[in-house]
There are 2 protein chains.
Amino acid sequence: MAGRKNGTLADEGNAPSARQKLLAAGIDLFTTRGYSATSVREIVERAGLTKPALYYHFGSKDGIYLAILQEIERTFAATLADVDTLHGTLREKVERLFLMLFDLFEQNLSAVRFLTAVFWGPPGGAPRYDLETTHRRLVLFVQQLVADSVPDGAMTPAAAHDSALALIGIFSLTVDLEMAHPEWGVGREGLIRLLGLLFEGLDQTSFKENIS
Amino acid sequence: MAGRKNGTLADEGNAPSARQKLLAAGIDLFTTRGYSATSVREIVERAGLTKPALYYHFGSKDGIYLAILQEIERTFAATLADVDTLHGTLREKVERLFLMLFDLFEQNLSAVRFLTAVFWGPPGGAPRYDLETTHRRLVLFVQQLVADSVPDGAMTPAAAHDSALALIGIFSLTVDLEMAHPEWGVGREGLIRLLGLLFEGLDQTSFKENIS
DNA sequence: GTCTATACAATGATAGAC
DNA sequence: GTCTATCATTGTATAGAC
């Protein structure tokens, strides 16, 4: 990974190759129009090339689409590989992990939006691509984080599972908000505040079971 | 609303009209293939009709797509109109509201999946349709619920906002799970458990700030 | 209201020259 | 590796009969 400026999907510096120009045009169009509504003609036009160039490098429309998804996942995976060192209380570890992810996602919002659209999009409208595995890996990682942070017997596996889900729910919401309504976004500070709410409990935070 | 069996998007009983058959075929195909990847030919074939029938009833491909979205939103809005009566503690009110929404969504999972795909889908791939307003309305409703349930001064508006977001985050996660991985879904009971976690706080629930 | 038949543009993909 | 030129197919939409 030496010399590789990672953390963003920005171009590789230097004069972009035809392949890179096609990828850039593709990610742009697939993000804004989706797979089916994007034509090969549009991609090559934006890249300043012609159709045979695309078919030479990627073989098909499916080909460039899948290549783009792999490229995005590769970038995220590279950054996530550095997350191994987390210490402190569970709360400290969770905060650090989620802040890292939040920053990573915020710096690549359009890529995250793309993956989200693929994840929730209709199954038959585009070539199948497995995002479940990565997603599942993240869930299991948080679950393990919780399980490892409590002494044996203090928490059932089911309780650790629930806690991990609640944490992920809070995190997902802050990212979703940043994607769907950047103007309502709560930012890093908001993420920390919401996590605090979960750790301390709504009942304990500012009021005690008041009746309306 | 007399005689109207609401709560689901099932057909209206009796022999379905051409219009209803087209709508049913459309929602099915738009859900599984998406807007752009679905052709008018496919829709009319599945409905057992021909193209001019569709153009007679809906004017265009955009037309039937928008008619479907309106139909779905109308069904949800009709059910949500009954939510005005909530009493008890904040926790009781939130639980009742979210359980109602959870049941409603679970009974119409494919419709919810459709709306989700539209919401997160690429903006240029299909006709624009405003889901933000409904979404915003729900957020404001929960926010108001929180604000109304604490005595004046016990909680700043900002704190009420944060609490509402945390609650919505938990709820959204349970619905997302049900949609994306029904086999991991936590169900109604899981929703209640996760809300309990948020109200009581992770720290209080089963462990006290343990260090790993 | 629903059909048959068709207009006409756009699509994904390729052959073959350079 | 990248081009010009072209293929067969499919797309949305409509005219006109019944």
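Within every chain, numbering begins at 1; the chains are lettered A, B, ... in the order of the sequence lines, protein sequences first and strands thereafter. Note: hydrogens, waters and symmetry copies are ignored here, and every other heavy atom, side chains too, is used.
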How long is the line joining [atom1] of [X] and [atom2] of [N], in whole Å?
{"X": "B:His57", "N": "D:dA13", "atom1": "NE2", "atom2": "C1'", "value": "16 Å"}
{"X": "A:Glu45", "N": "C:dA10", "atom1": "CD", "atom2": "C1'", "value": "12 Å"}
{"X": "B:Ile64", "N": "D:dG11", "atom1": "CD1", "atom2": "C1'", "value": "16 Å"}
{"X": "A:Gln20", "N": "D:dT2", "atom1": "CD", "atom2": "P", "value": "12 Å"}
{"X": "A:Lys61", "N": "C:dT11", "atom1": "NZ", "atom2": "P", "value": "9 Å"}
{"X": "B:Asp62", "N": "D:dA13", "atom1": "CG", "atom2": "C1'", "value": "12 Å"}
{"X": "B:Ile43", "N": "D:dT10", "atom1": "CD1", "atom2": "C1'", "value": "15 Å"}
{"X": "B:Phe58", "N": "D:dA13", "atom1": "CZ", "atom2": "C1'", "value": "16 Å"}

Closest to side chain of A:Tyr56, choosing from C:dA13, D:dT12, D:dG1: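 It is D:dG1.
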A:Phe171 and A:Phe98 aromatic ring geometry - parallel, tilted or perpendicular at 30°/60° bounds: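 The arrangement is parallel - the two ring planes meet at less than 30°.
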Ring geometry between A:Phe30 and A:Tyr35 (parallel below 30°, tilted from 30 to 60°, perpendicular above 60°):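 Rings of A:Tyr35 and A:Phe30: parallel, as their planes differ by under 30°.
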Pairwise side-chain contact, A:His135 with A:Leu131, heavy-atom cut-off 4.5 Å (strictly under):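 A side-chain contact under 4.5 Å is absent here.
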Side-chain (A:Gln20) to main-chain (A:Ser17) donor-acceptor, under 3.5 angstrom: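 Confirmed, A:Gln20 side chain pairs with A:Ser17 backbone.
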Donor-acceptor under 3.5 Å (A:Ser36 side chain, A:Gly125 main chain):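 Present.
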Touch class at under 4.0 angstrom, heavy-atom based, for A:Thr38 against every strand present: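 Here A:Thr38 touches the backbone only, sparing every base.
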Distance test, side-chain N/O of B:Arg41 to OP1/OP2 of D:dT12, below 4.0 Å: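 False: B:Arg41 side-chain N/O out of range (4.0 Å or more) of D:dT12 OP1/OP2.
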Anything under 3.5 Å between a donor and an acceptor, one on a side chain of residues 51-60 of chain A, the other on a protein residue two or more places apart or in another chain? List them.
residue, atom, partner, partner atom, Å
A:Ser60, OG, A:Asp62, N, 3.4
A:Ser60, OG, A:Gly63, N, 3.0

Sequence-distant partners of B:Phe102, ring-ring contact (aromatic ring centres under 6.0 Å, His included), two or more places apart: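 ring-ring contact (aromatic ring centres under 6.0 Å, His included) list for B:Phe102, sorted by chain: empty.
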What are the atom names and distances for every N/O pair under 3.5 Å that joins the protein to nucleotides 3-7 of chain D?
residue, atom, partner, partner atom, Å
D:dC3, OP2, A:Thr50, N, 3.1
D:dC3, OP2, A:Thr50, OG1, 2.6
D:dC3, O5', A:Thr50, OG1, 3.4

